[in-house]
Amino acid sequence: MNLNILDFERPIYELESKIEELKNFMKEQNIDLTEEIQLLEDKMVKVSETIYQKLHPWQILQIARHPERPLTSDYIQLICDDFLELHGDRHYGDDQAILGGIGLIEGNPVTIIGHQKGTTTRENLQRNFGMAHPEGYRKALRLMKQAEKFNRPIITFINTPGAYPGIGAEERGQAEAIARNLLEMSELTVPILVYVIGEGGSGGALGIGVGDRIIMFQFSYYSVCTPEACATILWHDTQEAKNASEALRITAKDLLEIGIVDDVLQEPRGGAHRNPVAMAKNLKQSILQNLVHLKTLSKEELIAQRYSKFRNTGQYLDIQINQSNQI
Amino acid sequence: MNLNILDFERPIYELESKIEELKNFMKEQNIDLTEEIQLLEDKMVKVSETIYQKLHPWQILQIARHPERPLTSDYIQLICDDFLELHGDRHYGDDQAILGGIGLIEGNPVTIIGHQKGTTTRENLQRNFGMAHPEGYRKALRLMKQAEKFNRPIITFINTPGAYPGIGAEERGQAEAIARNLLEMSELTVPILVYVIGEGGSGGALGIGVGDRIIMFQFSYYSVCTPEACATILWHDTQEAKNASEALRITAKDLLEIGIVDDVLQEPRGGAHRNPVAMAKNLKQSILQNLVHLKTLSKEELIAQRYSKFRNTGQYLDIQINQSNQI
Amino acid sequence: MFRELFRSKNKYVTVNRDPQYSDRSEHETEKVPEIRERVKVEKEGDHLWTKCKSCQEIIYNKKLAENQMVCPVCDYHFRISARDRINSLLDEDSFIELFSEVTSTNPLNFKGYAEQLEKNQKKTNLRDAVITGRGKLCGTPVALGVMDFGFAGGSMGSAVGEKLTSLIEYAASKRLPLVIISTAGGARMQEGMLSLMQMAKTSAALARYAKAGLLYISVLTDPTSGGVTASYAMLGDINIAEPGALIAFAGPRVIKQTISQELPEGFQTAEFLLEHGMVDRVVHRHELQDELSRILRIHRMVGEVS
Amino acid sequence: MFRELFRSKNKYVTVNRDPQYSDRSEHETEKVPEIRERVKVEKEGDHLWTKCKSCQEIIYNKKLAENQMVCPVCDYHFRISARDRINSLLDEDSFIELFSEVTSTNPLNFKGYAEQLEKNQKKTNLRDAVITGRGKLCGTPVALGVMDFGFAGGSMGSAVGEKLTSLIEYAASKRLPLVIISTAGGARMQEGMLSLMQMAKTSAALARYAKAGLLYISVLTDPTSGGVTASYAMLGDINIAEPGALIAFAGPRVIKQTISQELPEGFQTAEFLLEHGMVDRVVHRHELQDELSRILRIHRMVGEVS
Ligand SMILES: [Zn+2]
Ligand SMILES: [Zn+2]
């Protein structure tokens, strides 16, 4: 049994197994079951669509955190013609929770920076489960400045539960590192594309998340804090996490509506982990399309657009104006 | 007995004591010894001049290292109308071996950065005897960039045996920190005055030593390595340090001749520690004069002049030219 | 609801306005209630005295207020309201509030948020967790933003972000030095991602402000944490902290949970941050005005050779 | 003295010159002696084999040289001469030496220095501790500086500083990517402060080069320490180190003396520096050419949208 099957995926998984079974049976017994298989396959598509069309945010969160969900390194491998990882912040260390480097996508030089989780327990410890220390954010900034110098677009992949909350991280200025990145990224003179590929956890996500386009994968989430933390802090009850995941409006669809993200990238049926190659194809296409558009802008236009983009986030009441309207 | 009297200072010190004695005697016994005292004072001046005019580099080194020699903090106190120390590199720590901040000199805003030794054993441990870690150089750079932003001239005071050779310093990139400063300082768009006030030890000194004017105090030294290290490395004999101090040409006079420094600031008779107030007066005058001149330059001129200044250091043979000349 | 709220409050007789600034209308500054009353509110009770959290001394609230909410015995810095802070720093009657009309709404229809806002507004007599405006500090005009921990734990939602961003832009357009005094639990959860994005918004505004060659002094007070620390509070040309203030990205409770071990003595205090290179100075509240004034003086004279 | 020295050495038949560059005259490249001879010289003896410092294996010098001075058994990277390095990286016959006329003198009349220079020149058949020039790396034109540890411990005096600075300026004027391969004990003591100032001089040149938006790759090899590490060797847009290379500011001996304790395992190795964020990549010598070529390719295409 595959332990990585999520509850709501089970019906699909079971249909898949049955189809597989029939196929094997057909082969072994040399009996034609094509029609039956086709029926089951149709059913599976339908069931899938039904399930994935009305996923609860909590379920989306599960997909975003799925242990088999493709990682930054997977996408890099799938979309780049060539890629060289570059290491280190030149100050303190090389944080493996953030991966960065230079490469070519269809011949276009790019700098790619992303949170990097592990696939094994050992690698996850090494990568700190994608939770970066200040040196991770500073490595990212170094590579972004380098990209700016060489007029290279920047692509970031967000996939972190959050910045690491630990003694060393605080000592070395986690807050300063993130703040500095927000400030500097807002004025980099090259296009920046931000993709939320899995978990978008709070300031730790935003630390590499200021860009000209913020695009979420269909089954990723992006949140001011994890629903678990929200439930604990506001309602002192972790059982409320599921409700928090709804209240916080963390899904791609929600955030597109609210105006936080620019686009949602559709995932293959069942999520990116069921077909990383197809997902990477969507991603690559999105990157190239966006770059072509952004490269038509002058540096001044680019920065001005990026500024307004963030300048205009937020919803508040302007009482003065309301009053004026009423007089 | 004052333990801080250097050997070659002893004749002066003894004459001083005798004069003091006579003065007291005259007072107590009400006998007129004015003439005798005057004679002794004349003699003292003469002896001083003789001694200090022909000091061996090794003796100058002793003065530069004199435990009572005024420190960066002393000069700051004596030359500034107001001064606020600013701390930290915003990355890792606040290195107390380097002191920096902002202040006013005769109403002129300046950023001052200098190596800082201690006066007591405890303070010396805290200040690491003026031997900076990478975070010290990075604090310096942060403050210099800040000065550039606010169009404030920078004054640095060099007084270090060298950058600290330790595990943490290496781990956090001592070499990177110094190299970065050399690169960045060469292009700062504000005037930089560098004063070697005591010890100018190697790369640790140069790390805050790139500027438009490099001015040495008369009894300071500036060297590619300490004479002790040179003796050990080249001749495997620390006893050779005195010879090395001569061979390396580390005195202000030598380095003015060789063209490494732009000016030598005269010290009060017997050295700065015998009259810090007078020394600070010389220093302040030098600072103001140099600033007035440098402020007449455009940013482009300033950087161009600084570049040629360092570009033209070095003495080498150009065989091609020699050959051409001979043909 | 809001109109009522603000009608009921006391007002100054008309105060000086800045006639040049027309991009945004200004609001009359709110009358500062008597100090003792506020102290009582802050102690969440009706006691006339407060027990010092640090030295356990019993201090009369009046005396505490007169001492700028600093314990006269052990120098412990109590939290201070935004209005008291403004009074303690700026020249008398010089403060002109700006952007006071910007107030939080409930964009996500988050359960209980509207009520919470109303409760906090009533409790603090503030519209939101920051007061923004301009004034004179020892004669020097400054743009000033002051957060109030009493309002929803000083959390940053859209309104706080908008007010501060407007202030930063205002300061840039007027070429005024900028002082922001922070105290915050972090981003305001109830506005979700809209809150988080205020970090980017304020930081972007500060980037522009910095590029204009202007001076920003950030003052971090007890407590400053989360998204506020990780944006404008850490981005001062000069960062000043109050003694003993807790300054963090992740708060001590979160860290303790994560690493399951005791935190070092003095961890995340102002002094700890000084030692670790994150703040320039730790300044006693009694000396803050003088310090700011000295820094402003040094920066005002730039370019003038004597 | 110098004329004799250089007359006695073998020369290539006239090689390609760069006709555009006239600021400085160029020198004919020096003939690369047969590899086995050099290996013998480097081993300071006449043995035909070398014992690997790492795995103790006995390796024939010819085999070692064919393997780019890397132990075929354990991959230990032996030091390699500047000429061998150039041959291993650049396309055949593409190298044009520049600034070869710049040679050390004895500006301080330092006891024994003149003799030392002469000895080193004879031993290495080099004029000084660095060879500078231009060439093609997998077809891409580059400016290349390669240090040689065999010449006075690769120390940087006025001549090394001058040659590298000239190279950097040349690369800037031609808009060529720049590769400097370092190995050095540090500044050359016998030239005193003149050596130290080469740190500032080369770094200033790199600042200008960087401002022109050009690519500098620094390759750090065993050993790189002192003033060379603390200037151009650490300032690459991309820093690459060879496996196992000692890279330091203060060498291990100095540190041991200062702190009187054992150093951690692997301290100051290339891998240690990678872990501590100082170098981008640790690259096996056999892959260096390919790596450089890939980096150059990525940087060459800047600005071209497909
Ligand atoms: Zn108390
Ligand atoms: Zn071996």
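Numbered from 1 within each chain, the chains take letters A, B, ... in sequence-line order.
For A/Cys225, the part lying under 4.5 angstrom from a heavy atom of chain C is the side chain only. There is no contact between A/Ile250 and chain C, counting heavy-atom distances below 4.5 Å. Looking at A/Thr313, both its backbone and its side chain come within 4.5 Å of chain C, counting heavy atoms on both sides. Both the backbone and the side chain of A/Ser202 come within contact range of chain C, judged by heavy atoms closer than 4.5 Å. Contact annotation for A/Arg172: only backbone heavy atoms (N, CA, C, O) come within less than 4.5 Å of a heavy atom of chain C. With a 4.5 Å cut-off on non-hydrogen atoms, C/Gln257 does not touch chain A at all. Within the 4.5 angstrom heavy-atom criterion, only side-chain atoms of A/Leu255, from C-beta onward, approach chain C. Neither the backbone nor the side chain of C/Lys256 comes within contact range of chain A; no heavy atom of the residue lies under 4.5 Å from a heavy atom of that chain. For C/Met193, the parts lying under 4.5 angstrom from a heavy atom of chain A are both the backbone and the side chain. C/Glu275 does not touch chain A: none of its heavy atoms, backbone or side chain, sits under 4.5 Å away.
Contact tally against chain C (heavy-atom pairs below 4.5 Å) for A/Gly259, A/Gly203, A/Ala247: the top residue is A/Ala247. Counting heavy-atom pairs closer than 4.5 Å to chain A, the top residue among C/Ile259, C/Leu235, C/Asn109 is C/Leu235. Heavy-atom pairs under 4.5 Å with chain C were tallied for A/Gln174, A/Lys309, A/Glu187; the largest tally goes to A/Glu187. When C/Ala200, C/Ala159, C/Ala233, C/Ala248 are compared by the number of non-hydrogen pairs under 4.5 Å with chain A, C/Ala200 comes out ahead.
No option in C/Lys111, C/Gln116, C/Met189 other than C/Met189 meets the side chain to side chain contact (heavy atoms under 4.5 Å, CB included) test with A/Leu234.
Taking the side chain as every heavy atom from C-beta outward, C/Phe110 and A/Cys230 approach each other to under 4.5 Å. By the 4.5 Å heavy-atom criterion applied to side chains, A/Tyr164 and C/Thr258 are counted as neighbours. When side chains are defined from C-beta on, A/Ile178 counts as touching C/Phe249, because their heavy atoms get closer than 4.5 Å. Side-chain contact between C/Arg253 and A/Pro165 is absent, with no heavy-atom pair separated by less than 4.5 Å.
Separating the CE atom in C/Met234 from the CG atom in A/Leu183 is a distance of 14.0 Å, to the nearest 0.5 Å. The distance from atom OG of C/Ser231 to atom CG of A/Asn181, rounded to the nearest 0.5 Å, is 12.5 Å. Summarising the geometry, atom CG belonging to A/Leu182 is positioned 5.0 Å from atom CE belonging to C/Met199; distances are rounded to the nearest 0.5 Å. In this structure, A/Ile260 CD1 and C/Met197 CE are separated by 5.0 Å, a value rounded to the nearest 0.5 Å. Atom CZ of C/Phe272 and atom CD of A/Glu170 lie 8.0 Å apart (nearest 0.5 Å). Between the CD atom of C/Gln198 and the CZ atom of A/Phe310 there is a distance of 11.0 Å, given to the nearest 0.5 Å.
Residues A/Ala304 and C/Arg208 approach most closely at CA-NH2, 4.1 Å, considering heavy atoms. Pairing each heavy atom of A/Val224 with each of C/Gly192, the nearest pair is CB-O, 3.4 Å.
C/Ser158 contributes a side-chain N or O that, together with a main-chain N or O of A/Gln315, makes up a donor-acceptor pair within less than 3.5 Å.
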Full working for side-chain contact (heavy atoms from CB on, under 4.5 Å) between A/Ile167 and C/Leu263: CA-CA 8 Å; A/Ile167 294 177; C/Leu263 300 176; 3.9 Å; yes
C/Leu196/A/Tyr222 under side-chain contact (heavy atoms from CB on, under 4.5 Å): CA gap, chis, key distance, verdict: CA-CA 10 Å; C/Leu196 193 76; A/Tyr222 200 172; 3.9 Å; yes
Full working for salt bridge (Lys or Arg N to Asp or Glu O under 4.0 Å) between C/Glu191 and A/Arg249: CA-CA 9 Å; C/Glu191 295 185 25; A/Arg249 308 205 59 187; over 6 Å; no
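Enclosure of atom NZ in A/Lys253 is not indicated, since only 12 or fewer non-hydrogen atoms of other residues, nucleotides or ligands lie within 6.0 angstrom.
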